[in-house]
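Shown next, in structure tokens, is the structure this report addresses.
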Number of protein chains: 2
Amino acid sequence: MVTIKDIAARLQVSPSTVGRALADDPRISAATKQKVSEVAEEMGYVANLAARMMRGVSSNLIGLVLPDIRNGFYATIAHALSKCLQGARYQLALSETDDDRMVELQSIRELASANVAGIIIVPTAKPHRETVRLLKLSPHVQLLRKHAAIGDQWFGIDDTQAIFEATSHLVQLGHRRIGYIGGTDDLPTGSARLKGYHKALPGGESADPALVQLGAPGDADFGLNATRRLLALPKRPTAIVAGSVQMTQGILEELTAQGMRAPDDLSVVGFGDELGFRWWGPGLTTVGLPVHELATACGLWFVHQIRQRSASAAPYTSISPATLILRGSTRKHGPAAKTSVRASVRGATV
Amino acid sequence: MVTIKDIAARLQVSPSTVGRALADDPRISAATKQKVSEVAEEMGYVANLAARMMRGVSSNLIGLVLPDIRNGFYATIAHALSKCLQGARYQLALSETDDDRMVELQSIRELASANVAGIIIVPTAKPHRETVRLLKLSPHVQLLRKHAAIGDQWFGIDDTQAIFEATSHLVQLGHRRIGYIGGTDDLPTGSARLKGYHKALPGGESADPALVQLGAPGDADFGLNATRRLLALPKRPTAIVAGSVQMTQGILEELTAQGMRAPDDLSVVGFGDELGFRWWGPGLTTVGLPVHELATACGLWFVHQIRQRSASAAPYTSISPATLILRGSTRKHGPAAKTSVRASVRGATV
DNA sequence: TTGAAAGCGCTAACAT
DNA sequence: ATGTTAGCGCTTTCAA
């Protein structure tokens with residue numbers, strides 16, 4: 001293993017000079033810095049992080065704490081952050097919580113004891129007190145979900161607007177009985193989305209409570225069962241809005257299973273734009289989320305933040321807008337609309 | 001921060017005694033150990049990992065190096081490993097290579113300098129010499145892809161059998177012009193799969209080279225363009241087999257775009273079982289891979305391996321079989337089969 | 001069975 | 001602008 005001493009010996013300078021040169025200390029001449037970094041490169045020098053950490057410097061590890069990496073949504077986030085941090089010579093330490101606050105606490109503990117440089121977290125609904133306390137000890141930022149207790153540094157999406165647009169689109173198409181299947185409102189995202197749904201319903205008209213189905217946002221099976229319940233209603237909805245990626249998947253699954261076709265039998269607006277949504281039936285009209293951009297912005301900001309230890313406490317909030325992606329799964333409601341483009345292409349009559 | 005010195009001072013013993021007691025050294029009396037651990041507990045002592053690492057003990061970090069976490073395939077692996085290692089108090093450090101050997105090298109360097117306990121890697125096609133060298137310095141295991149240079153500890157899937165089954169299925173249905181779109185054969189997986197394809201073609205009959213399209217396995221666009229090329233052939237294939245997840249996605253994309261419907265216009269067998277494959281057209285017949293099981297097995301084995309520093313050099317190979325999942329995208333080839341179930345359900349005539 | 005002491009590689013206060 | 005030196009907390013010889 002090559003150490004600064006080796007470099008120092010080669011260059012006939014003291015170890016501290018090398019150390020300072022590598023740390024880009026202003027007291028070292030440009031020429032020396034130049035030479036040092038050349039030799040370091042040549043000898044394949046890699047700083048010993050353990051030794052650094054012992055001197056109080058934190059590791060080059062950034063913890064990423066999120067519910068489930070299999071969710072394409074979070075995978076995109078992990079990818080974007082990984083790229084972004086790689087550029088800044090940081091490593092991602094991945095922790096999954098499964099939306100379980102105790103697992104979350106355990107993860108944070110591990111990260112804290114590993115002396116991470118910072119933590120990027122998508123918090124669970126009710127983080128443990130200890131989780132909050134530990135989080136305060138190192139730089140951190142919240143992603144997507146926001147908890148006041150954890151802090152005011154947050155990158156998220158305008159969830160209310162997202163679902164508002166989705167629902168409004170259906171309202172404009174003449175739909176009145178619109179079902180909503182989304183996450184419970186104990187999560188900030190869940191409640192914001194639900195709010196968007198209500199806000200879009202025409203003239204203060206409160207929705208039939210039976211049309212609103214709330215469950216754990218990561219539970220596709222809930223979406224599936226909720227869809228079944230909605231379809232079994234005496235007055236079934238003419239359209240459904242999804243309030244999470246997994247819910248969308250459950251909904252599509254169940255509609256396919258029941259042989260329901262959008263937009264003929266029902267209009268559907270999904271949440272997120274996973275692979276396959278494009279080719280579900282006539283193409284799923286869905287809420288597109290700028291996840292990649294969001295994560296990149298968050299990563300860049302966070303690295304900057306970590307490097308300037310000073311202003312880290314200042315509140316910061318970034319809200320990105322969602323955009324409705326119009327495809328084939330929604331259509332005007334009413335008897336006049338019964339002949340779909342699709343049906344006519346097939347030459348069929350109804 | 002409580003150190004062993006503090007404990008030593010409280011107990012009027014030397015720091016080394018405390019250190020040994022905590023390490024359960026046989027030379028320390030049971031009574032002393034008892035006292036030490038009591039006081040340590042009481043004072044809230046937490047071992048300083050950095051200091052430990054400096055003494056050569058590795059961290060509780062396990063590096064996971066793979067091409068792209070957004071690939072559902074790898075996300076499943078990361079998830080399974082994360083769960084598995086969490087139980088053993090290890091943290092996952094995630095590195096993406098994008099199938100670029102220099103990025104791979106850089107990641108390995110980072111991991112090595114972070115003193116990881118071990119590395120689980122899905123190697124690129126031609127890992128750098130230095131990558132191989134560094135890898136040898138810490139415990140490691142290969143996943144899915146196997147490179148002789150890296151070692152003989154490998155967990156993978158029987159790729160040849162997987163594509164053999166997929167192709168055989170089509171052959172049995174009477175197809176003779178079967179296209180194959182897969183990864184290049186410089187990757188071990190690519191070549192094994194291609195072999196399975198050739199093996200399944202009837203009686204040594206070598207395929208029309210134009211029917212075989214090989215590209216970067218992670219490149220969905222290649223799959224898309226390759227599909228276009230196959231469809232533009234004077235004698236177009238009657239069926240297509242996909243040789244990677246991303247290729248499958250490209251193929252489905254292009255078929256949808258061209259308005260080609262399986263199995264009426266063409267039979268298709270996919271690779272992997274991503275979300276959405278189930279609802280593509282009539283449901284995609286595809287090769288199901290036991291990714292979760294594979295990753296879990298790998299994780300358990302690896303932790304065990306790390307904990308017993310001794311026998312780590314012994315070769316170990318685990319091959320899991322793939323299974324064909326029959327859905328609606330394949331059908332008998334020939335004029336007699338022209339009336340599909342689907343068409344008759346619709347009451348249409350052809 | 002325990003102590004004393006020497007570092008691991010790095011950073012930072014204190015010289016020069 | 002650079003060199004000297006003293007540790008960080010732990011493990012690990014070597015002594016007792």
Side-chain angles (χ1 to χ4, degrees), chain A residues 1-40 43-61 89 112-117 306-307 309, chain B residues 1-40 43-61 109-117 137-138 309:
Chain A
M1 170 174 256
V2 185
T3 73
I4 50 172
K5 276 187 187 169
D6 300 323
I7 301 178
R10 257 278 286 268
L11 282 168
Q12 308 269 46
V13 294
S14 81
S16 28
T17 302
V18 176
R20 284 197 271 254
L22 291 170
D24 202 28
D25 189 298
R27 292 173 301 180
I28 298 294
S29 73
T32 311
K33 280 181 189 167
Q34 172 70 15
K35 261 183 272 173
V36 167
S37 57
E38 268 171 22
V39 173
M43 299 179 77
Y45 168 81
V46 187
N48 184 322
L49 271 156
R52 275 210 170 140
M53 275 166 61
M54 262 198 41
R55 301 294 331 175
V57 180
S58 56
S59 72
N60 72 332
L61 220 57
R89 309 287 264 51
S113 87
N115 220 317
V116 290
I306 287 174
R307 292 195 164 153
R309 302 191 186 185
Chain B
M1 170 174 257
V2 185
T3 74
I4 50 172
K5 276 186 187 168
D6 300 324
I7 301 178
R10 257 279 287 269
L11 283 167
Q12 308 269 46
V13 294
S14 80
S16 26
T17 302
V18 176
R20 285 198 269 255
L22 291 170
D24 202 28
D25 189 297
R27 292 174 302 181
I28 298 294
S29 73
T32 310
K33 280 181 189 169
Q34 172 69 16
K35 260 184 270 174
V36 167
S37 57
E38 266 172 22
V39 174
M43 298 178 79
Y45 168 80
V46 186
N48 184 323
L49 258 154
R52 276 212 168 136
M53 274 165 60
M54 258 198 40
R55 302 299 326 180
V57 180
S58 58
S59 71
N60 72 332
L61 219 56
R109 277 200 174 124
E110 298 279 357
L111 293 174
S113 88
N115 219 319
V116 290
L137 298 179
S138 56
R309 302 190 185 186

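Throughout, a chain's letter reflects where its sequence line sits, starting with A, and its residues are numbered from 1.
Considering all non-hydrogen atoms of both residues, A/Ala8 and A/Ser14 come closest at CB-C, 3.8 Å. Residues A/Ser59 and A/Ala117 share a closest heavy-atom pair of O-CB, 3.3 Å. The minimum heavy-atom distance between A/Asn115 and A/Ser58, with the atom names listed, is O-CB, 3.6 Å. Of all heavy-atom pairs spanning A/Val2 and A/Met43, the tightest one is CG2-O, 3.2 Å.
With contacts defined as side-chain heavy-atom distances shorter than 4.5 Å, the pair A/Val18/A/Val39 does not qualify.
Within the structure, every pair that satisfies the salt bridge (Lys or Arg N to Asp or Glu O under 4.0 Å) test and touches residues 9-23 of chain B, not counting sequence neighbours, is listed here: B/Arg10-B/Glu42.
You can see that DNA chain D meets the heavy atoms of chain A within a 4.0 Å-exclusive cut from D/dA1 to D/dG9, reading 5' to 3'. When DNA chain C is scanned 5' to 3' for any atom under 4.0 Å from a heavy atom of chain A, the first and last hits are C/dG9 to C/dA13.
Applying the salt bridge (Lys or Arg N to Asp or Glu O under 4.0 Å) rule to A/Lys35 yields no partners; only residues at least two apart in sequence or on another chain are considered. With sequence neighbours excluded, no residue forms a salt bridge (Lys or Arg N to Asp or Glu O under 4.0 Å) with A/Asp6. With sequence neighbours left out, the side-chain contact (heavy atoms from CB on, under 4.5 Å) criterion links A/Thr32 to A/Thr17, A/Ile28, A/Ser29, A/Val36. Scored by the salt bridge (Lys or Arg N to Asp or Glu O under 4.0 Å) test, B/Arg109 finds no partners at all (sequence neighbours excluded). Not counting sequence neighbours, the partners of B/Asn60 by the side chain to side chain donor-acceptor pair (under 3.5 Å) test are A/Glu110.
An end-to-end axis angle of 40° holds for the helix from C/dT1-D/dA16 to C/dT16-D/dA1, taken from five base pairs per end and rounded to 10°.
Within a heavy-atom distance below 4.0 Å of DNA chain C, the residues of residues 14-35 of chain B found are B/Ser14, B/Ser16, B/Thr17, B/Arg20, B/Arg27, B/Ile28, B/Ser29, B/Thr32. Within a heavy-atom distance below 4.0 Å of DNA chain D, no residue of residues 45-53 of chain A is found.
Taking for each of A/Arg55 and B/Ile4 the nucleotide of DNA chain D with the nearest heavy atom, the 5'-most of the two is the partner of A/Arg55.
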Report all side-chain donor-acceptor pairs from residues 45-57 of chain B shorter than 3.5 Å, counting only partners two or more places apart or in another chain.
from, atom 1, to, atom 2, distance (Å)
B/Asn48, OD1, B/Ala50, N, 2.8
B/Asn48, OD1, B/Ala51, N, 3.1

